[in-house]
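Read the structure below first, then the notes.
All values reported here derive from a predicted model rather than from experimental measurement. Convention: sequence-line order gives letters A, B, ...; per-chain numbering from 1.
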Amino acid sequence: MMVWVVAILVSLMLIGAFLVVAIPDLLGAVAASTAVSLALSVLFVVLRAPDVAMAEAAVGAGLAGVLFALALRKTESRRTRDEEAS
Amino acid sequence: MNELLSIGNLLYGGAAGLIVIGLFAVVARRHLIRVLLGVAVIEAGVNLMLVAAGFRPGAAAPIFDPQAISGPMVDPIPQALVLTAIVIGVAVLALGLTLAIRIHRQYGTLDTVALTRIVNAPAGSPESRAMMQRGGGGHES
Amino acid sequence: MRQFASLLFLFGFAFFLSVLVGGLPFGAAPMQVGQAIVEQNIEATGAANAVTGVLLAFRGMDTLGELTILFVAATAAGMVVERRKHGVSRDSVAGFILLAGAELMFPFLLILGAYVILHGHLTPGGGFQGGAILAAAFFVPFLANPGRAFQGHAMAFVEAFAGATFILLGIFSIFREGDFMAPMFLGTGEFGQLVSAGSLPLLYLALGLKVGAELGSLVAEIAAAPGSDDPLIEEPQAAKDL
């Protein structure tokens, strides 16, 4: 039973991490990174670490995403969006 | 026992996969904010590996309950370590993001290859002049 | 060529990591230190939450160092980023629903943050998590209406006051218990009650206020930074001194 929960959460996390690297749109990559943090915090609950899960959900999934989105908004200009070689 | 082995393999493999994917973003992608996202993914992988190392099957969360029968508990030390690491990690990421914002204002780009070209350009070359026109001035080297 | 080299490095690192991970034991009994802490936690700290005991009593020095890193990071971010004058934000005010929702959520987030901080020694939660919730309570209205002034001075005061309280509690325990950051007033209060675990709830309150102020001011620094098209208004202090 626990194997399946862990397997689903780990695969969600790895898919999210792959999307962080692969999505061309940076805002989408930020959203994928918060999804990684969310799956990770559920995994921490499964691993009997409720304190760490709360911190990861509040800080990793909430605050870090807000910080990245704000920084993207501050640095976006007409040129930089397409400069990255994909 | 077989189930326990596969849980351990899944957790450690997932943590190692997160670290490798994040490292790929750091070394192979060019946008600075994508690099910082890669650092965040590496942090997630390291935190997962630490908490998984302290896990013990069948053990309770490290919170004492007077009513419950006292059984084994998971190791609280990796959890405390990871708790501080998460908060430090987001503070350091925020510092990196402010540096990225500052770099973007100074040079007008966040592409690491273009930034290397601009910074290494000799004085008087077109790249260097274009940078000075943006009101650089803080660039002394 | 660069891509090839980085891919080669990645494959090498992945191989190294897989060899390393393959040898790690999983599900083993905790190490001696962890076992000792689990056994002695209640007598030594009085906290039901063993993670709180480790953070504030057994490894209180580490937490102090962590606060220092947080302080340095927030200060450095404030030195690097440029300021924009209040009220000249190009960011538009959010819609009615977001504005009203942010105002409505503010007291509930404050209460939740205070609850999580004050019950840190009994239930999962504590200064770090509650501090992040407090920071969210302050920056959600700020995000909904970017033009409003952010109380930077109040934030700085709370941060300095909470940090000083944390260190003063540690120094006070030198005179009382003989060790820096040793838990004090053990035995006052019954195990499992809100007023128990000696000075740990006080330490966690200071920690939570400090973490909340630091994280909130970090978000405010980035939100107040000028966008790429804004004219520069005020040079940061560090650039002026150069």
Item to complete: Heavy-atom distances under 4.5 Å only: say whether A/Ser33 touches chain B with side chain, backbone, both or neither.
Response: side chain
Discussion item. Report which part of A/Leu40 has an atom under 4.5 Å of a heavy atom belonging to chain B: side chain, backbone, both, or neither.
Written reply: side chain
Worksheet item: Are the side chain of B/Arg29 and the backbone of A/Val21 linked by a donor-acceptor contact shorter than 3.5 Å?
Response: yes
Worksheet entry | Separation of B/Phe24 CZ from A/Phe18 CZ (nearest 0.5 Å) | 8.5 Å
Worksheet item: Rounded to the nearest 0.5 Å, how far does OG1 of A/Thr75 lie from CZ of B/Arg102?
Response: 14.5 Å
Worksheet item: Looking at A/Leu63, A/Ile23, A/Leu70, which makes the most heavy-atom pairs under 4.5 Å with chain B?
Response: A/Ile23
Fill in: Contacting moiety of A/Leu43, where chain B heavy atoms sit under 4.5 Å
side chain
Fill in: Most contacts with chain A, counted as non-hydrogen pairs under 4.5 angstrom, among B/Ile101, B/Thr98, B/Thr112
B/Ile101
Worksheet item: Can you say whether A/Leu9 sits under 4.5 Å from chain B via the side chain, the backbone, both, or neither, judging by heavy atoms?
Response: neither
Worksheet item: Of the backbone (N, CA, C, O) and the side chain (C-beta and beyond), which part of A/Ala32 lies under 4.5 Å from a heavy atom of chain B, both, or neither?
Response: neither
Worksheet item: How far apart are the closest heavy atoms of B/Arg34 and A/Ala29, and which atoms are they?
Response: NH1-CB, 3.6 Å
Worksheet item: How far does CE of A/Met2 sit from CG of B/Leu10, to the nearest 0.5 angstrom?
Response: 10.0 Å
Discussion item. Which atoms of B/Leu18 are under 4.5 Å from chain A, going by heavy atoms: the side chain, the backbone, both sets, or neither?
Written reply: both
Worksheet entry | Contact check, side chains of A/Leu47 and B/Leu48, non-hydrogen atoms, under 4.5 Å | yes
Discussion item. Closer than 3.5 angstrom, by distance alone: can the side chain of A/Arg48 be matched with the main-chain N or O of B/Met73 as a donor-acceptor pair?
Written reply: no
Worksheet item: Is a side-chain donor or acceptor of A/Glu56 paired with a backbone partner of B/Leu83 at a separation under 3.5 angstrom?
Response: no
Worksheet item: How about B/Leu93 and A/Leu67: do any of their side-chain heavy atoms sit closer than 4.5 Å?
Response: no
Item to complete: Check whether A/Val45 gets within reach of chain B through its side chain, its backbone, both or neither, counting any heavy atom under 4.5 Å.
Response: neither
Response to the item:
Turns out that what part of B/Ile103 lies under 4.5 Å from chain A's heavy atoms comes down to neither
Worksheet item: When you look at A/Leu14 and B/Ile21, which way does the side-chain contact (heavy atoms from CB on, under 4.5 Å) test go after all the steps?
Response: CA-CA 8 Å; A/Leu14 287 179; B/Ile21 291 175; 4.2 Å; yes
Item to complete: Determine the minimum heavy-atom distance between B/Leu97 and A/Ala71, stating which atoms define it.
Response: CD2-CB, 3.6 Å
Worksheet entry | Euclidean distance, A/Phe68 CZ relative to B/Leu37 CG, rounded to 0.5 Å | 4.5 Å
Discussion item. Between B/Val90 and chain A, with a heavy-atom cut-off of 4.5 Å, which part of the residue counts as in contact: side chain, backbone, both or neither?
Written reply: both
Worksheet, complete the sentence: Rounded to the nearest 0.5 angstrom, the OG-CG distance for A/Ser41 and B/Asn47 is 12.0 Å
Discussion item. For a quick test of reading the model, state the closest non-hydrogen atom pair linking B/Gly14 to A/Val10 and the distance between them.
Written reply: CA-CG1, 3.8 Å
